[in-house]
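One structure is given below, encoded as structure tokens.
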Number of protein chains: 2
Amino acid sequence: MSKNKKLPGNDPDHKRIPRSVIRRLPVYLRTLDNLVKNDVEVVTSMELSERTGFTAEQIRKDLGHFGTFGTRGTGYHAEALRNELLKIIGLYEKTAVIVVGAGHLGTALLRYNVNRNPYTNVVAAFDTSPDVMGQRILDVEVLPVSRMPEVVRKHNVKAAILAVPSENVQAAADQVVKSGVEVIFNFAPIWVQAPPGVFVHNADLSIELQSLIYYATREEAFRSKGV
Amino acid sequence: MSKNKKLPGNDPDHKRIPRSVIRRLPVYLRTLDNLVKNDVEVVTSMELSERTGFTAEQIRKDLGHFGTFGTRGTGYHAEALRNELLKIIGLYEKTAVIVVGAGHLGTALLRYNVNRNPYTNVVAAFDTSPDVMGQRILDVEVLPVSRMPEVVRKHNVKAAILAVPSENVQAAADQVVKSGVEVIFNFAPIWVQAPPGVFVHNADLSIELQSLIYYATREEAFRSKGV
DNA sequence: GTTGGGGTGTTAATTTATTAGCAATTCAAT
DNA sequence: ATTGAATTGCTAATAAATTAACACCCCAAC
């Protein structure tokens with residue numbers, strides 16, 4: 001389980017993928033999905049570049065971390081590459097997700113997610129308020145928190161999206177961890193703590209907005225893309 | 001306005017702040033806010049480290065980009081540093097923001113924002129649906145899109161939060177740009193394009209979730225913090 | 001005052017990430 | 001077959017970001 005800090009290359013499979021690369025993979029995936037949907041068979045790194053905003057060199061380099069998928073002089077077979085990316089990211093089968101908090105935010109996220117994403121599957125929402133209990137939001141049932149461990153076990157839930165008010169978010173995090181969830185996606189403007197082994201991503205709107213404002217207040221010409 | 005790509009250090013004021021630093025500043029700001037609220041007068045980089053998850057060295061280094069704010073052997077005066085950060089980020093006065101789309105997501109963001117963030121001020125929401133028109137969501141009025149240019153001018157609106165369905169989001173982006181907004185925060189799972197000079201941040205839940213799943217599927221012990 | 005513990009500010013070393021460049025390979029055209 | 005245009009996959013060079021190290025300053029205690 002625990003591995004010491006200073007072992008640079010002890011992953012036998014492949015040599016330690018940079019974080020920045022991982023963040024770009026889903027973007028490639030979605031782009032390829034669109035291409036496949038439009039019956040594109042072959043795509044070059046340049047075309048991917050135009051569609052993703054990353055440079056062609058970077059795309060080729062990123063893919064190079066995982067193997068060789070293209071054919072020189074031609075490009076990449078879109079569908080094949082898409083499937084490789086699915087395997088790389090770990091989405092060969094739909095990832096089961098729960099949403100905690102069925103208020104406005106939870107509802108909005110459910111809709112976005114269920115509608116748009118073929119790779120994750122929201123299996124249930126949880127809330128404490130009796131008002132929403134038992135309701136269905138786009139096919140997803142709102143359950144009492146007491147049933148969380150059972151649901152997590154049954155569907156092998158990997159990730160939880162926390163859409164609860166700041167006051168309750170740490171309690172919610174503790175709850176989902178206790179239920180066996182490994183990945184937490186927190187939308188409350190409070191940083192959630194979790195034990196080692198649990199991945200927490202704090203998506204704080206106001207934090208990100210403020211860093212954007214920094215750029216906006218200095219009028220220098222930055223790129224319009226991907227600040 | 002336009003400045004060529006390859007001019008490394010032509011900012012006369014100070015020597016080109018790394019992006020990664022800018023992203024951390026709002027975290028420091030919020031942490032200091034909390035400390036000040038709890039009547040903490042002096043705080044060390046180590047204490048900030050515990051509260052933010054960044055290392056003490058990094059915090060000191062980050063601050064060092066903008067000047068010297070602490071006193072050796074003692075630490076930083078929390079309130080003074082907070083005020084410096086406000087100036088640095090560009091939040092000396094509340095930044096006017098609009099929300100486009102008054103559905104579940106827009107409503108949720110409004111609540112989060114208005115409740116939680118003393119630095120930005122949502123001056124209006126916009127929508128096309130007659131149902132919500134004229135309604136108020138926590139003091140914020142929902143207006144027709146036709147009034148956007150006027151509102152942007154009047155309140156000197158810097159940023160727009162796009163909380164509309166994917167189908168409409170590019171149109172919404174074009175609209176806010178035409179109205180004079182410089183910063184776009186897009187929540188739809190489609191990448192929005194904007195002319196140079198406009199800062200776009202695409203906050204796509206599913207993309208971020210997927211990159212988290214990468215880590216979850218390899219069971220190696222990563223940090224629990226800040227993936 | 002002088003001493004010591006504590007903590008910043010800053011420079012240097014190291015690691016991580018991006019960009020560039022090009023040899024190697026494919027395919028289509030002739 | 002041969003040629004040439006196109007495009008990958010590497011390897012090398014550069015840039016960005018993090019970590020480490022420590023000189024220097026402050027404050028409190030004696």
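Just so we're clear, the structure is a prediction, and the values are computed from it rather than from any experiment. First the proteins, then the strands, lettered A, B, ... as listed; each starts at 1.
Atom pair A:Ile22:CD1 and C:dT16:C1' shows a separation of 14 Å (rounding to whole Å applied). Rounded to whole angstrom, the span from the CZ atom of B:Arg16 across to the P atom of D:dT14 amounts to 20 Å. Remark: C1' of C:dT8 and CG of B:Leu48 are 12 Å apart, rounded to the nearest angstrom. Atom CE of A:Met46 is separated from atom P of D:dA6 by 10 Å (rounded to the nearest Å). Whole-Å rounding puts the B:Glu57 CD to C:dT14 P distance at 16 Å. When rounded to the nearest whole Å, the span between CD of B:Glu41 and P of D:dC27 equals 14 Å. Protein atom CZ of A:Phe69 is 19 Å distant from nucleotide atom P of C:dT25, rounded to whole Å. Taking atom CG of residue B:Leu63 and atom C1' of nucleotide C:dT10, one finds them 13 Å apart after rounding to whole Å.
Side chain to side chain, A:His201 and B:Glu208 meet the donor-acceptor criterion of an N or O pair below 3.5 Å. A donor and an acceptor atom, one from each side chain of A:Tyr92 and A:Asn83, are nowhere located under 3.5 Å apart. Between the side chains of B:Arg60 and B:Ser45, at least one donor-acceptor pair of N or O atoms lies under 3.5 Å. Side-chain contact, B:Asp62 with B:Gln58: no donor N or O sits under 3.5 Å from an acceptor N or O.
Position along DNA chain D of the nearest nucleotide to A:Gly64 versus B:Asp62 favours A:Gly64 as the more 5'-ward residue. Of the residues near DNA chain C, A:Thr71 and A:Gln58, the one whose nearest nucleotide (by heavy atom distance) lies more toward the 5' end is A:Gln58.
Among C:dA17, D:dG9, C:dT19, the nucleotide with an atom closest to any side-chain atom of A:Thr55 is C:dT19. Across C:dT11, C:dT19, C:dA17, the shortest atom-to-atom separation from the side chain of A:Lys61 is found for C:dT19. The listed nucleotides are C:dT18, D:dC10, D:dT8; the one nearest the side chain of A:Arg24 is C:dT18.
A sub-4.0 Å separation between OP1 or OP2 of D:dT18 and a side-chain N or O of B:Ser20 is present. An OP1 or OP2 oxygen of C:dT8 is reached within less than 4.0 angstrom by a side-chain nitrogen or oxygen of B:Arg60. Of the side-chain N and O atoms in B:Arg72, none sit less than 4.0 angstrom from OP1 or OP2 of D:dC22. A close approach under 4.0 Å does not occur between any side-chain nitrogen or oxygen of B:Arg19 and OP1 or OP2 of C:dA17. Here B:Tyr76 reaches the OP1 or OP2 of C:dG9: one of its side-chain N or O atoms lies under 4.0 Å away.
If you check every strand for non-hydrogen atoms under 4.0 Å, B:Gly75 touches sugar and phosphate atoms only.
Aromatic ring orientation, B:Phe66 versus A:Tyr214: perpendicular (interplanar angle above 60°, classes split at 30° and 60°).
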